[in-house]
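Some notes on the structure that comes next.
Numbered from 1 within each chain, the chains take letters A, B, ... in sequence-line order. Just so we're clear, the structure is a prediction, and the values are computed from it rather than from any experiment.
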Amino acid sequence: MSSHAAAGHIDHHHDATTTTGIPHKKLFMWAFLASDCMFFGSLIATHLIYRLHPPAGTPDPRDLFSIELTSGSTFILLMSSLLMALAVNSIQKGNVATTRKMLIGTIIFGLIFLGGQVYEFNHFVHVGGLTLNSSVFGSTFYTLTGTHGTHVAIGVLWLVLMYIRTFKPADESNGQGWILKGVFHFIAFTALTVLSMYTILALIHVLQEGHGWGYYFSHHYLSFGGSIILLGVLFAFARQSGPVDFGEAQAIDVESMGLYWHFVDIVWIVIFPVVYLLEYIVLA
Amino acid sequence: MDQSIPKNDFIGHEEHAPAAKRSFLFARPDHKTGIVSWLTTVDHKRIGFLYGITSLFFFLVGGAEALLIRTQLAFPNSTFLTAQTYNEMFTMHATTMIFLAVMPLSAAFFNYIMPLQIGARDVAFPRLNGFAYWVFLAGAIILNVGFIAKSGLPDVGWFGYAPMTAKAFSSEFVGDMSTDLWVMGLQVLGVSSIIGSLNFLVTIINMRAPGLTMMRLPVFTWMTLFTAFLIILSFPAITIALVEVMMDRNFGTHFFEVSGGGLPILWQHLFWVFGHPEVYILILPAMGVISEILPCFARKPLFGYPIVVFSGAVIGFLGFGVWSHHMFTTGMGTVATAAFALATMAIAVPTGVKIFNWIGTLWKGHLMMRTPMMFALGFVWMFMFGGFSGIMHSAAPADAQQQDSYFVVAHFHYVLIGGSIFALLAGIHYWFPLMFGRKVSEFWGKLSFWVIFAGFNITFFPMHFLGLNGMPRRTFTYDGNMGWNSGNLIATIGAFILGIGIAVYFVVMVYTYFKGQKVGRDPWDARTLEWSIPNPPPAHNFDVTPKVHARDAFWYEKNNKAEVEAEKAKQAADDEAHGGIHMPSNSWFPIITAAGFLIGALFFAGHNTFDHTMSDLLGKDIHGWGVMGAIIGGVIMFFGAWMWSVEGPGGYHLHPTKADGDDAASSH
């Protein structure tokens with residue numbers, strides 16, 4: 001499967017070339033995530049300060065929030081962490097094919113979460129009249145959840161690039177051909193993002209309006225079918241051709257990305273109660 | 001291609017990576033000399049040198065701004081500068097000195113010295129290291145673009161207090177963008193600092209030579225580690241604060257806008273949660289430098305090494321718990337004020353402990369009064385002085401009197417010039433022979449020290465009295481009847497003496513670089529590992545990875561020659577059996593990615609200014625060019641990062657022989 005698979009057993013928990021046995025990339029990522037904790041901590045603090053003492057005229061978020069929708073997208077995001085963990089697990093065993101499938105799964109779940117957020121933002125602006133400058137609540141809400149969404153989007157982009165990276169041929173002389181293939185991959189992912197975003201938004205819209213699945217499939221079969229076909233194209237494109245420069249030796253790269261992805265999920269586990277659920281606590 | 005590469009002077013044999021047929025896109029440049037080698041460098045010593053040169057340049061710029069400020073204040077009712085220009089000057093002076101002079105000059109030492117002290121061949125992420133430097137340069141350009149661009153310079157103070165940074169306070173359209181550029185410049189500098197710090201942290205924890213346990217680390221390396229922690233944990237707060245200002249200004253949010261329910265005091269909290277640890281980011285590296293110099297020139301090991309290390313940790317930790325002492329007069333209530341006053345006073349304990357350790361190091365030492373030692377002793381005295389007035393501020397009632405007066409200006413210049421700058425100037429003197437193989441003349445070095453020392457005290461000592469007599473900061477002029485005339489005149493004269501001292505220092509350095517006295521390896525008879533290698537250091541730092549048996553590892557080596565030689569011979573044979581020393585190749589992508597960063601950030605912050613200027617030049621209305629520029633920058637950045645990630649490890653192998661080391665050592 002991989003040109004490095006024959007290089008011998010790789011101990012994923014100990015790197016003999018470092019003083020501590022921890023790989024550089026893992027230590028780097030942990031330190032970066034510590035930094036990111038302070039980053040989100042400052043944003044969450046900003047939101048909390050204004051929510052605990054809402055200025056006069058602040059709209060009631062309970063009129064806007066759809067806890068069912070946000071809970072659903074939260075569930076999807078947490079499940080994406082499961083797929084990410086499986087991707088790390090596969091690459092540590094040198095199984096590139098499974099790694100790719102799990103990476104695509106993580107990407108799609110990430111996109112579904114982002115779709116939910118796009119729907120939510122659009123809904124709040126157009127139905128609720130909540131904008132960045134309508135109130136401090138709007139300012140802190142969009143900045144906090146938007147920053148988290150940006151982190152997810154960066155994660156998705158990173159996942160896509162990592163996915164393409166798995167096709168780098170073991171023989172470097174095949175460089176140009178691989179780059180061209182990478183460009184096609186990227187275009188396919190961009191098309192998938194656009195189409196799946198439309199599909200997800202339409203689905204959420206239909207379900208939120210209470211029309212049901214039947215209504216959805218009878219009205220949006222084209223976009224839904226298109227997404228499925230595009231996914232098939234992507235899989236067809238991903239068929240193996242020759243040995244690649246990706247395997248156990250690169251497991252640490254996937255693992256660092258996994259740490260980032262799990263961290264973004266964990267931050268959401270803080271943001272979800274602080275921003276959404278807190279509004280439903282009735283104080284005496 | 002491989003054959004055309006000139007041989008590195010320091011290297012006996014060199015063997016390039018197997019010449020596989022590679023696409024031109026991934027070919028990593030291998031230039032060893034010339035401009036390309038500098039643009040693509042991944043060598044920590046070269047990057048350290050770049051940091052040093054850039055920060056010293058901005059040190060002179062910041063100094064010139066200070067002289068303009070002092071000239072304006074020399075006489076009452078002066079009209080040398082307008083109030084607007086004065087505001088711009090004190091904003092740029094502080095921003096430049098903190099972010100473009102002291103921090104990067106510390107980073108220069110982190111880069112150059114720290115890997116040598118821990119016996120490493122480079123930092124953990126060499127390309128990222130280059131990227132951090134180029135991003136720093138980008139931030140410096142964005143901050144200073146107002147000197148030539150139509151936006152003008154920022155006039156909000158380095159603290160950028162809300163609501164002064166609000167759109168409503170930017171009267172003219174063009175002057176408007178200066179604050180956006182300031183916000184973006186700081187943001188970009190923050191990115192550089194965090195990336196650099198992550199790199200240093202991983203390097204120190206993961207790349208120590210065998211036997212170099214944490215409690216044997218040189219103190220300078222320890223302080224680098226603490227500084228890295230402080231940067232990693234404090235910069236995100238200012239990042240968020242700056243994001244919120246940016247959104248307030250450009251997207252109409254209400255974070256700090258009172259009319260929309262925002263709280264300007266939130267800015268102060270977020271700013272000082274960063275701003276106070278920043279004080280220690282500026283002084284901890286200086287403490288590290290001093291802790292290297294004093295033992296070397298006192299001919300004794302550092303007194304109470306573990307205490308010096310732990311007090312550094314305590315300072316770093318407490319540094320996060322004292323930010324609100326900057327806000328005593330904001331009115332936080334008695335409980336908060338009392339808590340922060342106590343925590344602030346507590347910081348004096350580990351700081352005082354360090355001072356006593358330095359004095360203990362000097363006690364009964366055989367002091368060699370060379371120039372680095374003079375600057376180091378100047379540091380101990382001046383920093384202690386600044387610390388005393390710091391303790392005075394920590395008492396909230398006293399602070400209420402001193403707040404925003406020249407007393408505060410005197411205090412923090414005593415710790416920032418008398419502290420940080422003196423230590424860094426000492427460090428340049430101390431490590432100059434290592435970097436360039438030449439030594440500064442003692443006469444001229446000491447002369448510059450005394451002029452700087454005198455000028456500094458003449459400038460800032462009178463400010464204590466000016467402050468206690470009520471002279472406020474940040475006011476562009478004053479009335480002649482206030483009793484502040486002579487104090488100000490003395491301070492201004494002192495500032496020019498200080499300027500002359502700095503000028504002498506620089507001229508001496510440049511002269512020494514070209515014509516100074518050549519010295520051999522280890523001219524100070526020093527104690528730490530960086531002195532165990534030839535000067536200037538070869539690209540691969542250590543011919544043989546050192547084994548560490550004690551603190552002051554090199555001192556141990558010098559006193560146990562036979563044992564160490566045997567170890568080295570064994571290690572050299574091992575290295576050779578493993579294919580020699582692997583060195584990373586240079587790369588274009590750090591600078592390309594950083595260039596995309598610069599273009600994107602500059603156009604994003606200054607897009608209105610750009611459209612406005614282009615409209616003027618072309619005589620017709622231009623819209624959207626600035627935004628387009630920002631997008632182009634983003635695309636370049638994305639391209640650079642992607643190519644970076646796939647260009648492959650590259651690298652080549654070195655096989656130093658024993659003769660190489662001997663040659664380099666005896667050639668002087």
Atom of B/Ser645, atom of A/Arg165 and distance for their closest heavy-atom approach: O-NE, 4.2 Å
When every non-hydrogen atom of A/Ser35 is compared with those of B/Leu233, the smallest separation belongs to N-CD2, 4.5 Å
If the plane angle is over 60° it's perpendicular, under 30° parallel, otherwise tilted; pick one for B/Phe125 and A/Phe28. perpendicular
Selection from B/Leu212, B/Ile238, B/Ile205 maximising heavy-atom pairs under 4.5 Å formed with chain A: B/Ile205
Point-to-point distance, once rounded to the nearest 0.5 Å, from [atom1] of [X] to [atom2] of [Y]:
X        : Y        : atom1 : atom2 : value
A/Phe39  : B/Ile240 : CZ    : CD1   : 4.0 Å
A/His24  : B/Leu128 : NE2   : CG    : 12.5 Å
B/Glu244 : A/Thr143 : CD    : OG1   : 7.0 Å
A/Leu27  : B/Leu201 : CG    : CG    : 6.0 Å

Might you work through the side-chain contact (heavy atoms from CB on, under 4.5 Å) test for B/Thr253 and A/Tyr142, ending with a clear yes or no? CA-CA 10 Å; B/Thr253 53; A/Tyr142 286 118; over 6 Å; no
State whether the side chain of B/His254 and the backbone N or O of A/Asn133 hold a donor-acceptor pair below 3.5 Å, judged by distance alone. yes
Donor-acceptor contact present, side-chain A/Ser139 to main-chain B/Phe255, <3.5 Å: no
Is it the side chain or the backbone of [X] that comes within 4.5 Å of chain A heavy atoms, both, or neither?
X        : result
B/Leu263 : both
B/Ile194 : side chain
B/Glu257 : neither
B/Ser197 : neither
B/Phe229 : neither
B/Ile232 : both

Within-4.5 Å side-chain heavy-atom neighbours: B/Trp642 and A/Ile164: yes
Is it the case that more than 12 heavy atoms not belonging to B/Phe320 sit under 6.0 Å from its CZ atom? yes
side-chain contact (heavy atoms from CB on, under 4.5 Å) assessment of A/Trp30 paired with B/Val202: CA-CA 10 Å; A/Trp30 277 112; B/Val202 175; over 6 Å; no
Audit row: B/Met207, A/Thr18, side-chain contact (heavy atoms from CB on, under 4.5 Å) steps and yes/no: CA-CA 6 Å; B/Met207 294 179 71; A/Thr18 68; over 6 Å; no
Can you pull out the residues in residues 42-56 of chain A with any heavy atom less than 4.5 Å from chain B? A/Ser42, A/Leu43, A/Thr46, A/Ile49, A/Tyr50, A/Pro55
Would A/Thr20 and B/Asn206 count as having a side-chain donor-acceptor pair, cut-off 3.5 Å? yes
Please classify the contact between A/Thr140 and chain B as side chain, backbone, both or neither, with a heavy-atom cut-off of under 4.5 Å. both
